[in-house]
Each structure stands twice: as structure tokens, then as C-alpha cells.
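Read the structure below first, then the notes.
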Amino acid sequence: MASEEPLFDPSLKKRKKKTVAFHEDPLGADADPTTPAPATIDDTTTNGVTVDMGTKTLHEQMKESGLDGVAEPAEEKKEDDDFKAMFGDIKKKKKKKDIPLDLGEEGSGTSTPTATAPAAGEDLDFSDLKKKKKTSKKKAAIDMEAFEKELNESKAKEAEEEEAPDGKHLEELDETELGEDPFARGEGAVSVEAGGEPWLGSDRDYTYLELLHRFYTQLHAANPALLTSTGKRYTIAPPSVMREGNKKSIFANVSDICKRMHRPPEHVIQYMFAEMGTTGSVDGSGRLVIKGRFQQKQIEHVLRRYIVEYVTCKTCKSPDTLLTKENRIFFMSCESCGSRRSVNPIKTGFQAQVGKRSKNKATK
Amino acid sequence: MSVQNLNTFDPFADEGDPLGTAQDVGSQQNYIHIRIQQRNGRKTLTTLQGLPKEYDAKKLLKAFKKEFACNGTLVDDEEAGKVIQLQGDQRLKISNFLVEEGITKASIKVHGF
């Protein structure tokens, strides 16, 4: 706990900022640009190589239509999942079962982008996990059920993360992502620039799709950060929960987590108590003592819901928000998109009578 | 001659709450809350709060008890009104049941861990 005492941890703050800055686009505008990109890029490369100028438009259209028929449903599905998952995951957890499927579909339509091909083949290969993570990040196909399934798996990983000095490890991860992802994409972009736009010279009418490709390739060439941005996620250390005695649980890193979410601990704690229908207190060393037996999984679930409800911006999904209180109503204003909305007050609701009535009377 | 001010219709009259029949604005209006509480040991209690008036709580309780094979009771609370209490963690079952009976899923809120 002593390590958490310094109120302002520069490294933490920095990382937070980073994630936020990147996060705003992936879910807003980026969902579109990044996913279709590989398909289109591949398309143009094949065209550029094999087909000559005269027949190109027709051919491309045909191909495009064929491609769209195959690839689009998959993409839509992905996006759906994406929205379902919204932001729910605190950690980087991926739904593994979906990804191979998606990739398979895409692969049949287009030539798969480099790194994904092996991942698609082997379903549950753990050595491949890192790669898969990366590919899936683009897709972000996750839902709550998958979380549950993967919790165990991820727990092991989180344990690792915890052991390593927290910030360093994460940064390393980020770096690897930054290092590898653009590479895979870069190939595609280069090939497009090289052979994809023979129509530049001709004076016929450019089709919308061609111009679109051109726009995206130029966009990504100009700011490569956009491509990697999908990999950025809002990460929070897993709650460390232990049992105190028989009937109490200790949630040790509340203050840490609250700091990372930029929320007052009182608010978080109030929400947790209301949600879990229990009570508790904060002990001397800043840990939260909760009455009742709770597992880490359960606390995590509650926290996740808290984040969805009170931390992420409903408009742009960015976690960079401020919670302010005005006239007894909490307002959440987003730092990245500027939207402002009121959030539900925390209400405990009906509490059933638990335990001995006589005890209850005595306290009243 | 029709003077607008003499109309019987009062444009400023309260025309009900635009948000629906919410007693208090912004929060717990017509949501059905399903909560869970821990009891001793690994026992739990599920409470169902905010049931719309058109449903008969008593009959619903009976159906719940039969369907989920658990005991339960109907509690009258000052604030929350009629609350159905069931033994054990029946949250998902309740929400499935209610959805099957034609209550929109968006109006059901499942709380708890």
C-alpha cells in the first residue's frame, strides 16, 4: 500500500493520457476506416498487378461487389460485437472463438494480411496468443460471456502483470504493439502506393472507391498513429480481493483503481455497496473492507459496470471524463468529445431483512 | 372573436411528465430492479423491485416459486412498494422469465456482482 501513497504518479497519468488520446477515434470514426482497409488494399494490389488499365474499373467493381458480399457481413458482425462490448473490458481480453471465424471468412474473400493467417489456422494455440491478441484488437469482438470464459486465463496473465512492476510491463506491451502492427499494415500501404493507383495518370472519372482508397492510404501514411490506435485500450489493474476472517472481504487496491479512473473513491465505494447490497468501510491503510464474501471476479464485474456507467463517455466511449456534481445531480463531461450528460444517481433500493431481527432493532 | 387567452386550454398546464410517469426525474422510473443480497454462508436472496402496476405481484410470486422451485415472499416497503423476495440467486431466471412474458429487456436492470 505504501507504494500507492504518492498521490500523483507521473507514469500512470501519462499512460492514461495516451490511452485516451488514442481511444477517441477507434470507436468513433475508426471502426470504419481500419477494418475495411485490408480488404480494399488487397484488392487494389491484386488489381494493380494483374489487370491492365482498360478493363480495370469494371473488373474492380465486380471484384468489389464479390468481395463485399463476403467480407461485409463479417465486418458488420464485428462491429455489432464491438458495440455490445462497448467498452466493457478493463483488461485486454479477447474473444478467441470469434476471431478465427472472422478471419476465415475474410481470408476466403481476400488474401489475408500477413500475421493473421497462421492465427486463423490454429484455434487454441497459446503460443500464438500474443499475435492473436493483436489481430483481434482490430476486431474488438468481445462480449460478456467471453469475458467470463476467459477470466481464468486472463487471471494468470494478470498475475504476471502484477508481478512485474506494473507500469513498465504495460509499456513494454504497448511498445511491441506499436512496433509490430504498423509493420503489417505498412506493407499493404506501400504496395498500394507502388502499384495501386495507375488511374492517377488517366483523365477518366475516378470512382468513389478508388478515391476512398487513396484517401485512406494517404491518411495512414501521413499519420501512422491512426492505425495503431485500435490497439489502445483502457486498462486498469485487476482488483485484488482477499478474505478477512469468514465474513469480510478486503478490496485492497481501491484507491489505486479509483485514481486510475479519476473518480472519487467515495463515489466508487458507494456504487459498489449499492450494487452488491452490502456495507463496509475503509480501513486505516486505504483498503476497503466489505461485509460478505466476494471473489475477485465479482468485484471486477461490478467495477466494470461502474466504468460503463460512470466513466466511459456514452457518445465517444472515451474514458477521459470528468464527474461533477451540480444541485445534487452528477454530470459527466467528456474531455475528448465535449459531450455532457447527467448520470444516474446511485440508489441502494430495497434492502431485504437479513439476519436477526432482534439485532436490527437494537441498532435502531 | 377568438382570443387565445380566453381558451380553456392552458398551454402551461402540466401535461404529465415527458419522461413517462416518473415520480422522481432521472433515476429509478419504471425500471424493474433485480437485486441480490448475501445471507449467511453461501446463501443469497433475490429481490425484485419496481414491478409495473399492471402485473399482479402475488400471482407472479406464485409463478416464480413454482418455476424456480424456491420459496419467496411479498414484502410491502414504504419507498419501494411491493417487493418480491426469493430465496437463492434467481436473477437471471427472473429476467428471462419477465422477458418471455413480454417485458422489454431494457426496462429490467439486474444488479449485483
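Quick note on labels: first sequence line is chain A, next is B, and so on, each numbered from 1. Small disclaimer: the values here were computed from a predicted structure and weren't measured. Both backbone and side-chain heavy atoms feed into the values below; hydrogens, waters and symmetry mates do not.
- Residues A/Thr321 and A/Tyr310 form no side-chain contact, since every pair of their non-hydrogen atoms from C-beta on lies 4.5 Å or further apart.
- Of the charged side-chain nitrogens involved, none lies within less than 4.0 Å of a carboxylate oxygen, so that B/Lys59 and B/Glu101 do not count as a salt-bridged pair.
- B/Arg35 and B/Gln49 are linked by a side-chain donor-acceptor pair at a separation below 3.5 angstrom, with hydrogens and angles left out of the test.
- No donor-acceptor pair closer than 3.5 Å links the side chain of A/Ser318 to the backbone N or O of A/Ser336.
- Within residues 60-74 of chain B, no residue has any heavy atom under 4.5 Å from a heavy atom of chain A.
- With salt bridges taken as basic N to acidic carboxylate O contacts below 4.0 Å, none links B/Lys58 and B/Asp56.
- At a 4.5 Å heavy-atom cutoff, B/Glu79 makes no contact with chain A through either its backbone or its side chain.
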Test side-chain contact (heavy atoms from CB on, under 4.5 Å) on A/Thr312 and A/Ile307 and set out the steps.
-> CA-CA 6 Å; A/Thr312 54; A/Ile307 288 174; 3.9 Å; yes
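- With sequence neighbours excluded, the residues forming a ring pair (Phe, Tyr, Trp, His ring centres under 6.0 Å) with A/Phe330 are A/His267, listed by chain and number.
- Of the two parts of B/Ile36, only the backbone, made up of N, CA, C and O, holds a non-hydrogen atom closer than 4.5 Å to a non-hydrogen atom of chain A.
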